[in-house]
Amino acid sequence: MIQRKTLTTAFLLSCSILTTQAVAACEQHHDGHYASGAIEVQNAWSRPTPPGTPMGVGYMTITNHGADDVLLIAAESPRAGHVSIHETSMHEGMMRMQPLANGLTIPAGKSMELKPHSYHLMLEQLEQPLIEGEKIPVKLDFDGGEDITVKLVVQPLGGTAMDHGDHADHSDMHH
Ligand SMILES: [Cu+2]
């Protein structure tokens, strides 16, 4: 908590809508910032993939500054054969995730956070592992807004509860 008080005003403004967990993430992943029309994307990041795992994740905060809802309907990356939009939820004590068949709505004037244990992008059919420090381009396809290409900064594993939970999440679902 003390640490957070030392941050700059600009940082606090850009991160003030995030949860406590995400503020920690925001400190590390603050370099990615993209905007097109009414859509703003911040804090785009991913994780290194373990050897032999053809799946990676994509997290970010998407803000819709417009007066109309916008739908994230698809995403693609030159690094992945396919990118899905997933939601993770708790079901009878088990984490499970499923594709959002109709995309992810970003309500007018609101932010949606793609984060561990929640909405995320699933980078499938990776030909090469995602390595810490890499920046992975992902094109976001919006219905009601312009496409935006963002770069997921591959952040190191470990250190937070978020990391632990997410890893379990994906190994449970895909192996
Ligand atoms: Cu997933």
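Predicted model, so just to flag it, every value in this text is computed and none were measured. Both ligands and their constituent atoms are indexed starting at 1 by order of listing.
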Worksheet item: Can you find a side-chain donor-acceptor pair between E87 and H120 that sits under 3.5 Å?
Response: no
Worksheet item: Do any N/O/S atoms of M122 come under 2.8 Å of the Cu ion (ligand 1)?
Response: yes
Item to complete: Answer yes when R79 and E134 have at least one side-chain N-carboxylate O distance shorter than 4.0 Å, and no when they do not.
Response: yes
Worksheet item: Distance only, no hydrogens: is a donor on one side chain within 3.5 Å (strictly under) of an acceptor on the other, for S84 and E124?
Response: yes
Item to complete: Report the angle formed at the Cu ion (ligand 1) by atom SD of M97 and atom NE2 of H120, rounding to the nearest 10°.
Response: 90°
Discussion item. With no hydrogens and no angle check, just 3.5 Å: does a side-chain donor-acceptor pair link E40 and T63?
Written reply: no
Worksheet entry | Considering only N, O or S atoms of H86, the one closest to the Cu ion (ligand 1) | ND1
